[in-house]
Amino acid sequence: MTFDAAAIRAQFPGLDDAQKGKPFAYLDTAATAQKPRVVIERMTALLGREYGTVHRGLYRRAAHTTKLYEDARTTVARFLNAERGEIVFTGGCTDAMNLVAHAWGQAHLKPGDRVLVSGMEHHAGLVSWQAAGFRPEPIPILDDGSLDLAAYDRLLAAGGVKLVGCVHISNALGTINPVAELARRAHAAGALFLVDAAQSAPHLPLDVRALDCDFLAFGGHKVYGPTGIGVLYGRKAVLESIPPWRGGGEMIERVSFAGTTYAAPPARFEAGTPPIVEAIGLGVALEWMMELDRAAALAHEEALFAYAELRLATIPGLRRIGTAASRAGVLSFTLPGAHPADLANVLDMENVAIRAGHHCAQPVMERFGVPATARASLGVYSSREDIDRLHAGLMTCVRLFG
Ligand SMILES: *Cc1c(COP(=O)(O)O)cnc(C)c1O
């Protein structure tokens with residue numbers, strides 16, 4: 001299959017939103033991705049004549065939805081090169097990370113045990129641990145926005161590290177972290193490795209066997225699927241070592257007041273009626289992605305990213321935050337004299353949508369000495385025209401604030 005960028009873009013009704021003759025340049029895919037028509041239409045049908053519960057119905061409708069729900073799990077497993085039993089449906093990436101911090105952490109971490117997380121974690125990968133009662137230590141960031149690997153080695157060598165968590169692609173900097181290598185070093189030190197793939201899942205082919213990670217989390221809404229659904233991959237033996245986190249229906253084997261026995265993973269971690277329509281919608285989105293020529297899609301996104309970097313480099317005074325050799329998808333920047341929110345407001349008048357703020361990564365802002373950045377981020381549907389309109393809007397900002 002060839003990669004036809006215009007035809008792909010045309011599949012996204014959310015992008016068709018011109019205001020006063022100005023087309024919509026959606027450059028906030030790192031916050032959430034627009035949805036292709038197949039996902040919207042499939043989910044609409046699922047809420048209508050195909051709607052039913054899963055796992056307990058004895059009638060055909062429930063058997064139908066159960067099959068679709070479990071087929072979606074198979075799709076996720078294929079997307080990650082995992083086994084079906086290693087795929088837990090969660091409420092999102094944040095929810096998946098909290099499952100690890102709370103359920104795995106509280107079962108396995110003893111006083112004195114250490115957890116390392118990158119200094120560029122999304123708050124989901126940092127605050128989840130703190131909320132669960134732990135104090136993860138940061139792996140420092142170098143000036144270009146890459147991880148300090150020598151410092152990582154020293155942190156590991158000091159001993160007692162039981163788990164290392166790291167974003168695959170930073171949503172604040174765009175840095176692609178060498179997670180397979182980080183996992184190898186973590187394992188050599190006797191620690192498990194957790195990948196936050198929220199930003200990489202939409203861009204890079206993922207293979208949990210090749211990455212050799214123990215956990216990997218991502219959310220549905222950034223991979224062109226719905227909100228309210230996410231995935232936790234856990235290596236089989238690791239999932240089996242974790243007691244239940246939330247109790248309720250679906251996750252039990254046998255219940256009595258004298259004591260309850262629990263289902264095996266993944267059901268053990270899916271208490272209650274799951275997000276049925278969302279899980280199936282996620283499966284549709286992943287099938288849609290896997291049907292793309294992924295090498296061509298990646299090449300398209302890389303070319304567009306390179307183009308965006310060149311265009312931003314021509315804006316007088318613009319400071320890029322995050323210039324690591326390996327980066328993708330996300331362009332963070334500041335402009336002297338303007339708060340990032342001012343930039344976002346001016347661009348919004350041009351119907352160009354970017355994000356301004358700390359991007360749920362306040363330690364990163366602190367590291368680079370800025371309260372916030374403006375961030376443009378790309379998806380598979382992004383175009384050169386989007387970038388050109390960003391450029392034109394930023395030139396207006398230079399005139400207004402410069
Ligand atoms: C968006 C994001 C999250 C949170 O994902 P949700 O699915 O919205 O909970 C976590 N980590 C990173 C790097 C993100 O970009």
Side-chain angles (χ1 to χ4, degrees), residues 27-35 39 76 79-80 87-102 117-132 136 138-139 141 145-147 164-177 179 182 193-204 206 211 213 215-233 269 274-275 278-279 281-282 285-286 321-322 324 326-332 354-365 367 373 375-379:
L27 293 169
D28 200 18
T29 296
T32 200
Q34 298 293 327
K35 320 301 171 204
V39 171
V76 176
F79 183 74
L80 295 177
I87 303 301
V88 180
F89 283 126
T90 67
C93 185
T94 302
D95 194 38
M97 311 274 282
N98 274 273
L99 198 166
V100 177
H102 286 260
V117 300
S118 86
M120 63 181 93
E121 285 313 280
H122 184 280
H123 291 164
L126 166 57
V127 184
S128 53
W129 293 102
Q130 294 172 332
I139 306 163
I141 311 174
S146 62
L147 281 181
V164 178
C166 189
V167 277
H168 195 176
I169 299 183
S170 159
N171 67 307
L173 298 168
T175 308
I176 306 176
N177 287 308
V179 282
L182 297 174
F193 195 81
L194 158 68
V195 179
D196 174 351
Q199 293 296 338
S200 55
H203 294 291
L204 306 176
L206 293 177
L211 293 176
C213 53
F215 294 111
L216 180 142
F218 70 94
H221 69 104
K222 294 183 186 174
V223 288
Y224 311 105
T227 51
I229 184 78
V231 168
L232 177 67
Y233 156 81
F269 304 109
E278 290 75 9
L282 169 60
L286 296 181
I321 312 278
S326 186
R327 55 190 192 268
V330 165
L331 301 108
S332 259
I354 65 158
R355 176 79 174 254
H358 55 63
H359 318 297
C360 301
Q362 282 183 358
V364 176
M365 300 299 114
R367 166 67 180 77
T373 72
R375 180 188 74 185
S377 56
L378 308 178

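The basis for the numbers below is simple: all heavy atoms, side chains too, and nothing from hydrogens, waters or symmetry mates. Order of listing sets the numbers, starting from 1, for every ligand and every atom in it.
- Taking the six-membered ring for Trp and the full ring otherwise, H203 and H168 have centroids separated by 6.0 Å or more.
- The shortest N or O to N or O distance between G92 and ligand 1 is not under 3.5 Å.
- Those atoms of ligand 1 that come under 4.0 Å of a heavy atom in V167, given as number and element, are 13 (C).
- In this structure, the protein non-hydrogen atom closest to atom 4 (C) of ligand 1 is T94 OG1, 3.4 Å.
- Counting only heavy atoms from C-beta outward, the side chains of F89 and I229 approach each other to under 4.5 Å.
- With contacts defined as side-chain heavy-atom distances shorter than 4.5 Å, the pair L182/N177 qualifies.
- Listed by number with element, the atoms of ligand 1 under 4.0 angstrom from any heavy atom of H221 are 6 (P), 7 (O), 8 (O).
- Contact atoms of ligand 1 toward N171: 13 (C), 15 (O) (distance under 4.0 Å to a heavy atom of the residue).
- Near C93, meaning under 4.0 Å from one of its heavy atoms, ligand 1 places the atoms 4 (C), 5 (O), 6 (P), 7 (O), 9 (O), 10 (C).
- Heavy-atom proximity to G219, at under 4.0 Å, picks out these atoms of ligand 1: 7 (O).
- In this structure the side chain of L206 reaches within 4.5 angstrom of the side chain of S200, judged on heavy atoms.
- Contacts between D196 and ligand 1, counted as non-hydrogen atom pairs separated by less than 4.0 Å, involve the side chain only.
- Nearest protein neighbour of atom 2 (C) of ligand 1, counting heavy atoms only, is K222 NZ, 2.4 Å.
- Under 4.0 Å from ligand 1, the heavy atoms of A198 that appear belong solely to its side chain.
- In this structure, C166 and F193 have side chains that are in contact, with non-hydrogen atoms separated by less than 4.5 Å.
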